[in-house]
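To start, the structure itself, in structure tokens.
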2 protein chains.
Amino acid sequence: MDLLDAACPSRDVFVDLADKWALLMLMSLRERGTQRYSELQRSVGGISRKMLAQTLRTLERDGIVSRTVNPDATPPLVLYALTPLGAEVAEETRVLCTWTHDRAAQVYAARAAYDRRADAQA
Amino acid sequence: MDLLDAACPSRDVFVDLADKWALLMLMSLRERGTQRYSELQRSVGGISRKMLAQTLRTLERDGIVSRTVNPDATPPLVLYALTPLGAEVAEETRVLCTWTHDRAAQVYAARAAYDRRADAQA
DNA sequence: TACATCAGGTCTCTAAAAGAGACCATGCCT
DNA sequence: AGGCATGGTCTCTTTTAGAGACCTGATGTA
């Protein structure tokens with residue numbers, strides 16, 4: 001019922017989503033649509049192959065991302081896409097991305113002010 | 001401009017927010033309003049004192065949370081609250097919490113199905 | 001009077017997680 | 001033949017998170 005309760009079953013669903021790589025992957029898949037493994041790595045800047053694989057696995061297990069393999073193709077073709085459930089979350093997380101983008105300058109200003117106060121103290 | 005770019009300045013603002021403890025703290029402060037340090041620790045289930053202090057510091061520096069000290073009081077009284085900027089983000093992140101709560105059962109079902117397939121394979 | 005308790009943190013130590021980079025088999029293009 | 005791309009995994013190192021002791025000062029409890 002309440003995500004604030006560590007024992008709440010929804011909590012560990014939340015934990016899978018409340019993660020920078022997961023959120024950025026949802027963003028990429030929403031914006032650019034179906035992508036292969038290596039495309040995703042290039043599109044989600046800074047992600048390592050390890051975290052890419054790990055996060056994709058988690059989201060696949062959660063029914064948020066689908067993984068389709070075409071074994072006949074050479075080189076091997078593996079496509080990742082949002083499931084209908086995943087498209088829903090991706091849509092919900094969009095506002096957070098937009099807000100971040102719009103208010104980043106204000107956050108930077110706040111940081112500068114905070115650091116000035118801290119320096120003055122020292 | 002683009003959060004997917006690791007070099008984008010908004011990216012590290014995003015990183016501060018795309019974190020389970022940060023999101024849960026915003027949630028708690030939005031739902032329950034101003035709280036003292038120890039109240040927050042009790043309300044955000046499972047958080048350690050260390051992560052509580054660290055996350056609060058980050059959010060305070062970002063201008064999302066305000067910290068007010070009353071040194072005359074005994075025991076010392078320190079109050080944490082959302083700033084206007086913080087109230088905005090907290091509102092944006094609400095949809096994610098709601099979605100998680102509403103769809104958790106579906107995610108659990110997806111996990112069960114995934115694990116069954118994996119077991120069958122093995 | 002002595003002891004435990006609360007406040008808001010910090011400090012240290014350990015355990016878990018993230019990041020870097022090598023490695024793999026296969027097949028393409030030059 | 002050599003180099004690159006595919007989708008990953010494996011190992012090693014560094015970073016991060018978590019557990020728990022400790023601190024100062026006042027207040028309540030026996």
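Naming: A, B, ... by sequence-line order, numbering from 1 per chain.
Ranking D:dT6, C:dA7, D:dT9 by closeness to the B:P76 side chain, first place goes to C:dA7. Picking from C:dG19, D:dA19, D:dG8 the nucleotide with the shortest atom distance to the side chain of A:Y80 gives D:dG8. Out of C:dT10, C:dG19, D:dG7, the shortest distance to the side chain of A:V78 is found at D:dG7. Here the nucleotide nearest the side chain of A:K50, chosen from C:dA18, D:dT9, C:dA7, is C:dA18. Of the candidate nucleotides D:dA19, C:dG8, D:dG7, D:dG7 has the atom nearest to the side chain of A:S38. Closest to the side chain of A:K20, out of C:dA22, C:dG19, D:dA17, is C:dG19.
Rounded to whole Å, atom P of C:dA18 lies 11 Å from atom CG of B:D19. Straight-line distance from the CD atom of B:E39 to the P atom of C:dC6: 14 Å, rounded to whole Å. B:Q54 places its CD atom 8 Å from the C1' atom of D:dT16, with the value rounded to the nearest Å. The separation between B:L52 atom CG and D:dG18 atom P is 12 Å, rounded to whole Å. In this structure, A:L40 atom CG and D:dG7 atom P are separated by 10 Å, rounded to whole Å. Rounded to whole Å, the distance from CE on A:M51 to P on D:dT15 is 17 Å. If you take CG of A:D16 and P of C:dA17, they are 12 Å apart, rounded to a whole angstrom. Rounded to whole angstrom, the span from the CZ atom of A:R67 across to the P atom of D:dG7 amounts to 10 Å.
B:V95 and B:F14 are members of different hydrophobic clusters when ILVMFWY side chains are connected at heavy-atom separations under 4.5 Å. Both B:L85 and B:L56 belong to a single network of hydrophobic side chains, linked directly or stepwise wherever heavy atoms of I, L, V, M, F, W or Y lie under 4.5 Å apart.
The residue among B:L77 and A:W21 whose nearest nucleotide of DNA chain C lies closer to the 5′ end is B:L77. Residue-to-nucleotide proximity on DNA chain C shows that, of B:R42 and B:R57, the 5′-proximal contact is made by B:R42.
Taking 4.0 Å as the cut-off between side-chain N and carboxylate O, A:R94 and A:E91 count as a salt-bridged pair.
Close to C:dT10, at under 4.0 Å from its OP1 or OP2, lies no side-chain N or O of B:Y37.
Rounded to the nearest 0.5 angstrom, B:H101 NE2 and A:C8 SG are separated by 6.5 Å.
Taking the ring axis of A:Y108 as reference, the NZ or CZ atom of A:R111 stays within 45° of it and closer than 6.0 Å to the ring centre.
Within 3.5 Å, a donor on the side chain of B:R49 pairs with an acceptor on the base of C:dG8, or the reverse.
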